[in-house]
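To keep things clear, I will list the structure first and then write my remarks on it.
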Amino acid sequence: MDKKNALRAGALAAGTTLMMLLMSSPALALTRDDGDDPGNGLSVVETLGLYVLAPVVLFLVIAGLVMALDKSRKKQDTTGSDIRTRAGAESA
């Protein structure tokens, strides 16, 4: 990709990002809607537990269940290690 196309792509990405930031201004959140009844905010511990600890625990539980219930076991090698071949033997 040449320099002109890279500059054009960067300008487009920056312009799009700027427009999205301006359109989703947090100032619009100051006006309350009808029927709006927000509850109490979450503490730091509650936020970390809900958005960090709970997904990690859920991932570990699912991974543990997948490993515990895995049906694909290694196939046992039925050939022994005591097989001897003769030098110069022809295969059939």
Side-chain angles (χ1 to χ4, degrees):
M1 184 147 96
D2 60 350
K3 199 172 195 177
K4 192 174 186 179
N5 283 341
L7 185 61
R8 185 179 296 153
L12 181 66
T16 305
T17 303
L18 182 64
M19 288 304 294
M20 289 182 69
L21 285 173
L22 289 175
M23 295 302 291
S24 63
S25 174
L28 298 174
L30 294 177
T31 56
R32 303 293 293 264
D33 292 331
D34 290 338
D36 194 12
D37 188 21
N40 295 333
L42 296 176
S43 69
V44 173
V45 174
E46 291 171 334
T47 303
L48 288 175
L50 184 63
Y51 294 109
V52 176
L53 189 62
V56 168
V57 169
L58 187 63
F59 172 79
L60 292 175
V61 167
I62 292 172
L65 286 173
V66 168
M67 288 191 298
L69 301 175
D70 186 20
K71 301 273 190 224
S72 63
R73 303 283 181 215
K74 285 186 178 180
K75 294 181 181 177
Q76 291 183 349
D77 190 11
T78 57
T79 60
S81 60
D82 59 345
I83 297 175
R84 306 201 193 285
T85 58
R86 288 183 285 166
E90 294 180 21
S91 61

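All figures in this text were calculated on a predicted structure; none of them were measured in a lab.
- Screening Val44, Val45, Leu50 for a side chain to side chain contact (heavy atoms under 4.5 Å, CB included) with Leu48, the sole residue that qualifies is Val44.
- Atom CG of Leu60 and atom CG of Leu65 lie 11.0 Å apart (nearest 0.5 Å).
- In this view, Pro38 and Arg32, Asp36 satisfy the side-chain contact (heavy atoms from CB on, under 4.5 Å) rule, not counting sequence neighbours.
- Atom CG of Leu7 sits about 10.0 Å away from atom CG of Asp2, to the nearest 0.5 Å.
- With sequence neighbours excluded, the residues satisfying side-chain contact (heavy atoms from CB on, under 4.5 Å) with Leu53 are Val57.
- The hydrophobic clustering, which links ILVMFWY residues whose side-chain heavy atoms are closer than 4.5 Å, places Phe59 and Val56 together.
- Within the model, atoms CE of Met67 and CD1 of Ile62 stand 12.0 Å from one another, a figure rounded to the nearest 0.5 Å.
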